[in-house]
Protein chains: 2
Amino acid sequence: MSLRREYKTKQKELILDCVKRTQSTHSSAEQLLAHLRNSGEDIGLATLYRNLNRLVLEGVVVKYPGLGKNSASYQYIGKPEEHSRHYHLICLNCGKLVHLDCDKVEGFAEHIRATHEFTLDFKKTVFYGRCNSCVQVEAQSLRSADD
Amino acid sequence: MSLRREYKTKQKELILDCVKRTQSTHSSAEQLLAHLRNSGEDIGLATLYRNLNRLVLEGVVVKYPGLGKNSASYQYIGKPEEHSRHYHLICLNCGKLVHLDCDKVEGFAEHIRATHEFTLDFKKTVFYGRCNSCVQVEAQSLRSADD
DNA sequence: TTGCGTGCAAAGGTTTTGCATGGCA
DNA sequence: TGCCATGCAAAACCTTTGCACGCAA
């Protein structure tokens, strides 16, 4: 039963920094890699995936399985201790992340537990939809274009 | 700009039938294929994928990108006109899928839209958590074992 | 010095695509 | 008879894994 010590490496820090900096929009592994390259840092793809998986396990990063295309997206949501009892809203169009801090949510979760016998996990649950500005943009393009 | 006529084929009907019959639990392409084989029908994998994609486009089937493993799951939700706004609860422990048909949900969604300027997409949003039986089992194992 | 982390390349698995053939209309 | 749909196999794709080397502690 060996204790697994964790080493602090340059790559690990770069990756964490990168997802923190891009937290307003979820990014694919490839996009994150590009970001890093723009900063002059090159990191192996395998290393990136390994670290992302670790961060997901730690709970500070959320993984969204291939929404638009096929590749998964990753997004920094902060340390578990810090994002207590709030949920996340993600815009399917622009990728914007919104923190939902609201009393109503607690009431809703309680209702689900009491009536539907299901305990929501606010760390894992992400609400998808459209933010207001994207709803408006889409409504507009529906009016102008038609197919 | 050619009109694209759609043909009615045996495979198409079989696939639609299959997703309809299995709508209580979302299934991967491989699982659907197995279902079909059990009924004595063999269909090409490519055909299955092509038709599933078409059904997703039509809006009668929802695709959940690789939740547990890597493969995506598909689920029949009915014609857009027919499926009322219900959400899905998925147990993180046993994988059980629960349909959440509830007035409170509508009220909640409306609150999100009005107050938080965000329109929920009930096709894409999945609530994760634990079903009651799994909560109980886990509580029990916490008592007996400790790690 | 120990052994975890990295990078590369290869493997793994899922989904898509090209092409010849089959079948609906 | 047109041409869409199918089936097969190959390709494309994303992600994981094996292995040797580098590097943190």
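Please read these numbers as outputs of a predicted model, since none were measured by experiment. These values consider heavy atoms only, across backbone and side chains, with no hydrogens, waters or symmetry-generated copies.
More than 12 heavy atoms of other residues, nucleotides or ligands shown are found within 6.0 angstrom of CG on B:N38.
With D:dC14, C:dG5, D:dA5 as the choices, the nucleotide that has an atom nearest any side-chain atom of A:R54 turns out to be C:dG5. Out of C:dA25, C:dT6, D:dT15, the shortest distance to the side chain of A:A29 is found at D:dT15. Here the side chain of A:A46 is nearest to one of C:dT16, C:dC8, D:dT15, namely C:dC8. In the set C:dT6, D:dC3, C:dG18, the nucleotide with an atom closest to the side chain of B:Y7 is D:dC3.
Atom CG of B:L32 is separated from atom P of C:dT14 by 14 Å (rounded to the nearest Å). Here the C1' atom of nucleotide D:dA25 and the CD atom of A:E6 are 13 Å apart, to the nearest Å. Here the P atom of nucleotide C:dG5 and the CG atom of A:N51 are 8 Å apart, to the nearest Å. Computed from coordinates, the B:L48 CG to C:dT16 C1' distance equals 13 Å when rounded to whole Å. Rounded to whole Å, atom P of C:dT14 lies 12 Å from atom OH of B:Y74. Between the P atom of D:dA5 and the CG atom of B:L52 lies a distance of 15 Å, rounded to the nearest Å. Atom OH in B:Y49 sits about 18 Å away from atom P in C:dG18, given to the nearest Å. A straight line from CD of A:Q11 to C1' of D:dA24 spans 11 Å, rounded to a whole angstrom.
The side chain of A:N53 contributes an N or O atom lying less than 4.0 Å from OP1 or OP2 of D:dT16. Regarding contacts with the backbone of C:dC4, every side-chain N or O of A:R50 stays at 4.0 angstrom or more from both OP1 and OP2. In this model, the phosphate group of C:dG23 is not approached by any side-chain N or O of B:K10 to a distance below 4.0 Å at OP1 or OP2.
Contact annotation: side chain of B:R5 to base of D:dG2, donor-acceptor pair absent below 3.5 Å. Under 3.5 Å, the side chain of A:R4 and the base of C:dG3 form no donor-acceptor pair of N or O atoms.
Toward the 5′ end of DNA chain C lies the nearest nucleotide of A:K12, the other residue of the pair B:T9 and A:K12 mapping further downstream.
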Is there a side chain to side chain contact (heavy atoms under 4.5 Å, CB included) between A:N53 and A:Y74? Walk through the geometry before answering.
CA-CA 10 Å; A:N53 287 340; A:Y74 299 85; 4.3 Å; yes
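Residue contacts for B:I43: at a heavy-atom cut-off of 4.0 Å it reaches the sugar-phosphate backbone alone, with no base atom in range.
A salt bridge links A:R113 with A:E110: at least one charged nitrogen is closer than 4.0 Å to a carboxylate oxygen.
Residues B:N51 and B:R54 have side chains that bring a donor and an acceptor to within less than 3.5 angstrom of each other.
A donor-acceptor pair under 3.5 Å links the side-chain atoms of A:K12 to the main chain of A:Y7, judged by distance alone.
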